[in-house]
Amino acid sequence: MTALARWHVGPWTTRGARPGEDAAPGRKRTVDELNFDVIGLARILGRRLSGRDELQVRLWQNELRPTHTRMCGVHTLADPDNAQHLHETAQEALAWLGERAPAGYVFVLTDAVELQPLLDLTADVIAVDAVVQLAGIPLPAARLATAHVRRAGSGDWYAGDAVCNWSGPYATSDEAVAVVHTARTELADQLRSAGRTDLADTSSRWLPVPVY
C-alpha cells in the first residue's frame, strides 16, 4: 500500500494552538508540539530524513515529549532559535505533504494539518467533496456519493470513508463502485432540483471513485 492510498478529508494531526493563542493544556498542542506533529506526519507517510536530521528530530522529541503519558499543550522548546528551526522544518514537511495530496485536494495547516478539497470548479478534475461543500445545503446522496471503496480483511468490498462502512458487503470492487456511481447520479439530480445546475454540470469531471 502506498503512503497515501488511504486518505480522508479533515484533520490528520491533533489540533494545536495557533501563534498568539492562549495555551490549552490537555486539549491542544502548543505551537512547538504541533510543528513537531507536522514533521512526524510526513515521516509516517514516507518522508525520509538524513541521519543528522533524524538526530535533530529525536532531540526535539526528548524536549517536547519526555514521556508517553505527558500532557499535551504544556511543552515548548527553551531556545527560540531552536523553535524557529523546528518551525522551518515543519514548513518543509508541509510542502512535502502538499506535493503528495490526492488529485483535487490540498494539505493545509490551520490548527492541524488538514486535507481539504480544492474549490475550483474550472479544474480538470473536481472532488465530489468540493461540490458538496460549495452547495452548502443538505443533500441526502452526499455521504455515499463521496465514499471510497475498500476491501475488508474478510475479502468483501465496502463503500464508506476511511474508517466506516456505509454500504456493503459486495463480492467485487466493481459492485461497490457501481453503488457509489448511482449515488453520484442521485447527487447531481438533487443539485439540479436545488437550483445548483452549475455544480451538477461538473459531474463529468468528478474524480474517479477511490478504490483501495
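One is the number of the first residue; the rest follow in order along the sequence.
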What are the two closest heavy atoms between [X] and [Y], and how far apart are they?
{"X": "A112", "Y": "R15", "result": "CB-NH1, 3.7 Å"}
{"X": "A127", "Y": "G104", "result": "CB-O, 3.8 Å"}
{"X": "V74", "Y": "E33", "result": "N-OE2, 3.8 Å"}
{"X": "A152", "Y": "Y158", "result": "CB-CE1, 3.7 Å"}
{"X": "A145", "Y": "A183", "result": "N-CB, 3.7 Å"}
{"X": "R205", "Y": "T122", "result": "NH1-C, 3.8 Å"}

Below 4.5 Å, heavy atoms only, C-beta onward: do [X] and [Y] meet side chain to side chain?
{"X": "D161", "Y": "R143", "result": "no"}
{"X": "E21", "Y": "K28", "result": "yes"}
{"X": "L134", "Y": "P117", "result": "no"}
{"X": "D53", "Y": "T89", "result": "no"}
{"X": "V179", "Y": "V149", "result": "no"}
{"X": "E92", "Y": "R47", "result": "yes"}

From [X] atom [atom1] to [Y] atom [atom2], the distance as rounded to the nearest 0.5 Å:
{"X": "L144", "Y": "T182", "atom1": "CG", "atom2": "OG1", "value": "8.5 Å"}
{"X": "H75", "Y": "L64", "atom1": "NE2", "atom2": "CG", "value": "8.0 Å"}
{"X": "R48", "Y": "W96", "atom1": "CZ", "atom2": "CH2", "value": "8.0 Å"}
{"X": "L86", "Y": "D81", "atom1": "CG", "atom2": "CG", "value": "12.5 Å"}
{"X": "D32", "Y": "L77", "atom1": "CG", "atom2": "CG", "value": "4.0 Å"}
{"X": "T13", "Y": "F107", "atom1": "OG1", "atom2": "CZ", "value": "10.5 Å"}

Cluster check [X], [Y]: I/L/V/M/F/W/Y, side chain < 4.5 angstrom:
{"X": "V131", "Y": "L115", "value": "no"}
{"X": "V132", "Y": "L207", "value": "no"}
{"X": "V38", "Y": "L45", "value": "yes"}
{"X": "V180", "Y": "V128", "value": "no"}
{"X": "L119", "Y": "W206", "value": "yes"}

| request: Give a yes-or-no answer on whether the side chains of N82 and W60 include a donor-acceptor pair shorter than 3.5 Å. | output: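 The criterion, which ignores hydrogens and geometry beyond distance, is satisfied for W60 and N82.
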| said: Is it true that R29 and N35 share a donor-acceptor pair across their side chains at a distance under 3.5 Å? | reply: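 There is no such pair between these side chains.
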| query | Counting heavy atoms not belonging to R27, are there more than 12 under 6.0 Å from its CZ? | reply |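 Result for CZ/R27: open.
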| Would one find more than 12 heavy atoms of other residues, nucleotides or ligands at under 6.0 Å from atom CG of D124? |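 Check fails, neighbour count at 12 or below.
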| said: Test side chain to side chain donor-acceptor pair (under 3.5 Å) on Q190 and E186; report intermediate values, then the result. | reply: CA-CA 6 Å; Q190 290 167 10; E186 294 173 356; 5.0 Å; no
| said: Does I44 form a side-chain contact (heavy atoms from CB on, under 4.5 Å) with W12? I'd like the steps, not just the answer. | reply: CA-CA 11 Å; I44 289 171; W12 284 47; over 6 Å; no
| message | Checking the side chain of T202 only, and the main-chain atoms of D198 only, is there a donor and an acceptor separated by less than 3.5 Å? | response |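 No.
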| Derivation of the side-chain contact (heavy atoms from CB on, under 4.5 Å) call for T76 and V31 | CA-CA 8 Å; T76 59; V31 173; over 6 Å; no
| request: Apply the test side-chain contact (heavy atoms from CB on, under 4.5 Å) to residues H148 and H8: give CA-CA distance (whole Å), side-chain angles for both, the deciding distance (0.1 Å), then the verdict. | output: CA-CA 9 Å; H148 305 183; H8 64 273; 5.5 Å; no
| said: Salt bridge or not between R18 and D111? Use side-chain N to carboxylate O under 4.0 Å. | reply: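 No, R18 and D111 are not salt-bridged.
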| request: Starting from the C-alpha separation in whole Å, work towards a yes-or-no answer on side-chain contact (heavy atoms from CB on, under 4.5 Å) for H85 and Q56. | output: CA-CA 10 Å; H85 184 198; Q56 179 62 74; 4.0 Å; yes
